[in-house]
Amino acid sequence: MTIDSAIVQAFTPKGVLRASINLGNPILANADKTTGAPGGVSIDLARAFAERLGVGLELVVFDAAGKSVEAVANEQADIGFFAIDPVRGAQIAFTEAYVLIEGSYLVRESSPLRQNEEVDREGLRVTVGKGSAYDLFLTRELKNASIVRAPTSPTVVQTFLEQNLDVAAGVKQQLEADSRAQKGLRLLPGRFMVIRQAMGTPKSRGAAAARELSRFVEEMKASGFVADALRRHHIEGASVASVTR
């Protein structure tokens, strides 16, 4: 497939495709325990898109979603992988979602909380990763409970325990792993939100570039590439979003 050179230039003002990678979301990316090299669904998609453009790939790696978003919004990266959110959409052109991820609440075994609907109570303190999709969503949705922001999503449970908070909110799979490692914790049943993970590029790159990125994502879903990547990286609890165009 031949892509117009103007679109390639729009994505690669520095000569390579710079992909912002968030290691704070284990569904999308992880650092190899031996080499430290990032790997995962988002890295696979970044490589495939760079190949489509016919350019080299540079990974710009962060430990939190907020930092990864800022890199794209400030044009320190050319593409990124984030949850769709209207606040982020002010500066970033999003594709449709390629993966759907559940957001869950975690509490202590002794907590009186049993349902997600019970969390938004006066006096309760909920911790989330600063700048994460959960932070943005709960900042809008919680009317009575207060929010305490952990530095990153992977440190949410640590912050929850150290500060003796009431609820931890985040990626279901991350909270499940933390609850297995730390006794006396449980997840509330169900989910409080569904995260629609998409690719994005700075709006300043133009409508044609945004359309090309959207076309790529739809093709990756339709071809089975995303589903294969989830299986290859042994990701459970995430589903491929429907093809929309």
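None of the values given here were measured: they were computed from a predicted structure.
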Checklist line | Step-by-step side-chain hydrogen bond (donor to acceptor under 3.5 Å, both in side chains) determination, T159 to T127 | finding: CA-CA 7 Å; T159 301; T127 183; 4.9 Å; no
Notebook entry, point to check: Under the ring-ring contact (aromatic ring centres under 6.0 Å, His included) rule, what pairs show up with a residue in residues 46-92, not counting sequence neighbours?
Noted result: F11-F49, F49-F216
Checklist line | Pairwise side-chain contact, Y98 with M220, heavy-atom cut-off 4.5 Å (strictly under) | finding: no
Check: Using 4.0 Å as the upper bound for N to carboxylate O, is an ion pair formed by R52 and E219?
Finding: yes
Check: Is there a side-chain contact between F160 and R108 (heavy atoms, below 4.5 Å)?
Finding: yes
Next item on the list: Determine whether R205 and P13 make a side-chain contact, defined as any pair of heavy atoms from C-beta on separated by less than 4.5 Å.
Entry: yes
Check: Can you check whether R140 reaches P86 side chain to side chain, under 4.5 Å on heavy atoms?
Finding: yes
Note to self: Any donor-acceptor pair under 3.5 Å linking the side-chain atoms of S110 with those of R186?
What the structure shows: no
Next item on the list: Before accepting this row, confirm whether a basic side-chain N of the pair E218/R215 lies closer than 4.0 Å to the acidic partner's carboxylate O.
Entry: no
Check: Does anything in residues 189-215 pair up under ring-ring contact (aromatic ring centres under 6.0 Å, His included), and if so which pairs, sequence neighbours excluded?
Finding: Y105-F192
Notebook entry, point to check: Is the closest basic N to carboxylate O distance between D85 and R196 below 4.0 Å?
Noted result: no
Next item on the list: Taking the side chain as every heavy atom from C-beta outward, state whether S179 and L106 have any atom pair closer than 4.5 Å.
Entry: yes
Margin query: So that I can tick it off, tell me whether D228 and R232 are bridged by a salt bridge, with the cut-off set at under 4.0 angstrom between side-chain N and carboxylate O.
Written below: no
Note to self: Is any side-chain heavy atom of I3 closer than 4.5 Å to one of E212?
What the structure shows: yes
Notebook entry, point to check: Under a 4.5 Å cut-off applied to non-hydrogen side-chain atoms, are E75 and Q91 in contact?
Noted result: no
Check: Is there a chain of hydrophobic side chains (I, L, V, M, F, W, Y, each step under 4.5 Å between heavy atoms) that links L136 to L28?
Finding: no
Margin query: Looking at every non-hydrogen atom in both residues, tell me the closest pair between A65 and N22 and how far apart they are.
Written below: N-OD1, 3.4 Å
Next item on the list: Check the pair S42, R47 against side-chain hydrogen bond (donor to acceptor under 3.5 Å, both in side chains), reporting the backbone distance first and the verdict last.
Entry: CA-CA 9 Å; S42 59; R47 286 177 178 147; over 6 Å; no
Next item on the list: Please determine if D120 and K143 form a salt bridge, counting it only when a charged side-chain N lies under 4.0 Å from a carboxylate O.
Entry: no
Next item on the list: Report yes or no: do D44 and H233 form a side-chain donor-acceptor pair below 3.5 Å?
Entry: yes
Next item on the list: Kindly indicate whether the side chain of L187, heavy atoms from C-beta on, has any atom under 4.5 Å from the side chain of K172.
Entry: yes
